[in-house]
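Only one structure is covered here, and it is reproduced in the block below.
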Amino acid sequence: MPPSTTARRVAARREGSPFTGLGPVFMKEFSDHLSSARMMVLMLFVIAFGALPVGLSLQELRNVTESDPFLFLRIFTSAPQRVPFSFTASLTLVIPLLAIGLGFDSVNSEFNRRTLSRVLSQPIYRDALLLGKFLGGLATLTVALVALWLIVLGAGLLLLGIPPRGVEVARGLGFLVVAIAFGGVWLAIAMLFSVVFRSTATSALCALGVWLFFAILWPLVVPVLVLAVTPTNVAMGMGRLDETLAMIQMQSTLERFSPNTLFGEAVIGLLNPETRTLGPIIPSQMRGAIMGAPLPLDQSLLLIWPQVTGLIAAMIVVFAIAYVVFQREEVRA
Amino acid sequence: MANSEASNVVEARGLLKLYGTQRAVDAIDLDIRRGEIFGLLGPNGAGKTTTILMMLGLTEISGGTVSVLGFDPVRQPLEVKRRVGYLPDAVGFYDHLTARENLRYTARLLDLPRRQTEARIEEALKSVNLADVIDKRVSTYSRGMRQRLGIAEIVMKKAEVAILDEPTSGLDPHATFELLEMIRRLKEAGVAVLLSSHLLDRVQSVCDRVALFNRGRIALIGTVVELANQVLGAGHPILVEASGIDVPAALGSVAGVQKVTQERAATWRVVADRDVRAAVAQRIVTSGGSLLRLDDLQPSLEEVYTAYFEQARNAA
């Protein structure tokens with residue numbers, strides 16, 4: 001047969017919705033995750049990492065006497081003196097781990113248990129299987145994060161003794177959405193590796209490697225890269241203003257390739273209402289601004305919009321790559 | 001898409017699968033009739049599983065056409081998969097779920113009406129003798145029980161065609177026997193069964209027709225007897241055990257006998273163009289010999305298989 005036959009066949013439209021069977025796959029993944037021992041361990045991990053900074057910063061916040069209109073949000077963002085990281089900073093580490101834990105073996109374990117070909121011989125497309133697994137993982141992640149969020153909120157209510165204001169709750173909800181999107185990116189990354197590698201250990205290792213790279217190495221590598229391409233006088237701080245600005249902008253652009261940076265910036269914009277910009281500020285821009293005055297919610301949302309869309313776009317792009325690889329994969333051993 | 005005749009459930013014409021330049025399945029033609037058990041035989045890597053996967057639309061087709069129950073697996077895989085049950089080689093189930101839960105998941109994927117689901121699951125598990133372990137986790141199941149659970153899935157699905165890939169490999173003789181019984185029962189229920197296997201004598205006992213695969217091609221196709229005639233030559237082989245006379249000399253002149261070869265001490269294999277058992281017995285007795293054994297040698301699939309691959313090797 002000539003190769004043109006192949007092309008024609010591939011181009012031939014397949015019939016039936018790609019979402020046939022999406023619901024059952026989603027429900028199965030969701031219930032499997034929620035009842036699994038792994039989820040228990042991950043939740044313990046998340047709560048332990050979340051409780052420490054929250055507990056300590058609550059103790060400190062109870063002693064704050066000056067009136068702070070966003071006291072509740074400080075639970076999330078303030079780094080207590082005794083531990084060097086805030087609740088959100090610890091989430092930057094823990095959410096990827098949670099997502100990787102949920103996704104690293106989602107496809108290759110089906111292959112290794114030899115259930116993949118049996119499931120795919122039922123009337124569903126691979127699209128439904130992959131998307132159902134992703135949504136199942138995302139739903140699990142959502143449950144975990146909402147639970148954590150409610151715990152923090154409840155602890156705040158109990159220990160601070162004052163209810164949060166509406167705008168604080170709204171910002172907190174925004175934070176939740178951003179955290180879920182951030183988890184989605186890492187879930188997609190973990191699932192990509194689970195499609196690429198047949199061995200679950202290899203896929204876990206690769207996903208954790210990417211996580212470590214973005215968590216530790218990338219923040220160190222970016223300044224070096226920037227310095228390498230910047231003229232010496234600019235790097236020494238003796239360049240013109242626009243040159244210096246260009247250097248700083250390049251640095252933050254590179255940093256934003258990391259989902260961790262996007263998440264961190266979005267969280268700062270949401271939970272610190274005083275944040276006016278996520279980039280450098282030059283004095284002329286500050287003319288007329290009242291220092292420390294909070295932005296209204298809509299302005300904060302506007303500020304972090306690029307970060308949020310960036311996270312969602314990254315999630316979709318990585319999932320799409322996993323999808324393409326999965327479609328081409330042979331199901332046989 | 002070729003319009004399928006009512007009697008054929010699977011029709012393949014020039015079906016081709018390329019992996020790079022290697023022809024895993026090389027332009028095969030294959031018809032499987034309604035209600036028959038069809039065996040795919042051949043060494044590993046001969047293209048059996050690839051052929052099966054192409055019928056299910058689980059791997060891309062490089063050329064040719066295949067239609068399953070009148071549907072094109074490339075364009076209408078959902079329609080095909082709704083009607084065809086597949087038991088993969090070394091089938092896997094979710095170990096942390098029970099048999100019932102595993103089948104319930106399949107039922108949801110099949111979108112069976114919820115009201116019928118439980119009854120159909122129980123009925124299917126009963127038909128494969130797993131009713132008493134229905135709520136046990138699959139992790140406690142033996143290999144044979146997993147294979148039977150795979151059959152139960154096909155029964156629950158009410159498939160019109162069952163495709164079984166190496167269903168008996170790795171099973172003990174008793175489990176194999178049970179499984180073959182279940183395959184026969186599928187046939188009685190009107191299901192066309194396509195199975196691939198290495199256990200030739202077992203295959204012989206259930207298959208109506210077989211196809212012998214070699215390097216991506218179908219070398220031979222037909223009933224076991226037809227295959228034997230093609231490979232081993234026409235004729236009736238019989239086994240004679242006798243003593244007291246010169247058997248080849250005595251039998252050489254019996255009408256119809258073509259060849260007498262010694263198998264082992266006092267045992268000869270006689271090939272004739274018809275059933276010569278009566279004449280042979282008479283000749284031995286009248287020549288003064290004592291006849292110890294006289295066997296009609298059914299052509300066995302194993303002999304056909306071995307002889308074919310020997311011939312193929314010699315020809316190459």
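Note that the structure is predicted; figures quoted are calculated from it, not measured. Chain letters run A, B, ... following the sequence lines, proteins first and then strands; every chain starts at 1. Below, each value reflects all heavy atoms present in this structure, side chains not excepted, and no hydrogens, waters or symmetry copies.
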Note to self: Please report the interatomic distance CD(B:E60) to CD(A:Q327), rounded to the nearest 0.5 Å.
What the structure shows: 9.5 Å
Next item on the list: Could you grab the distance from atom OG of A:S35 to atom NE2 of B:H96, nearest 0.5 Å is fine?
Entry: 6.0 Å
Checklist line | Worked verdict on A:R114 versus B:F93 for side-chain contact (heavy atoms from CB on, under 4.5 Å) | finding: CA-CA 7 Å; A:R114 295 175 167 276; B:F93 287 90; over 6 Å; no
Notebook entry, point to check: For the residue pair B:T59 and A:E330, what are the closest heavy atoms and their distance?
Noted result: OG1-OE1, 2.9 Å
Notebook entry, point to check: A:V25 versus B:L109: any side-chain heavy-atom pair under 4.5 Å?
Noted result: yes
Check: Once you round to the nearest 0.5 Å, how far does OG of A:S117 lie from CG of B:L53?
Finding: 7.5 Å
Note to self: Pairing donors with acceptors under 3.5 angstrom, does anything connect the side chains of B:Y105 and A:Q122?
What the structure shows: no
Checklist line | Contact origin within A:R126 toward chain B - heavy atom pairs under 4.5 Å | finding: side chain
Next item on the list: Check whether B:D89 gets within reach of chain A through its side chain, its backbone, both or neither, counting any heavy atom under 4.5 Å.
Entry: backbone
Next item on the list: State whether A:R118 and B:E153 are salt-bridged, where the test is any N-O pair (Lys NZ or Arg NE/NH1/NH2 against Asp/Glu carboxylate O) under 4.0 Å.
Entry: yes
Note to self: Please classify the contact between A:T20 and chain B as side chain, backbone, both or neither, with a heavy-atom cut-off of under 4.5 Å.
What the structure shows: side chain
Margin query: Counting C-beta onward and ignoring hydrogens, is there a side-chain heavy-atom pair between B:V84 and A:S121 closer than 4.5 Å?
Written below: no
Next item on the list: Give, as side chain, backbone, both or neither, the part of A:E110 having an atom under 4.5 angstrom from any heavy atom of chain B.
Entry: side chain
Note to self: Please classify the contact of A:S31 with chain B as side chain, backbone, both or neither, using a heavy-atom distance under 4.5 Å.
What the structure shows: neither
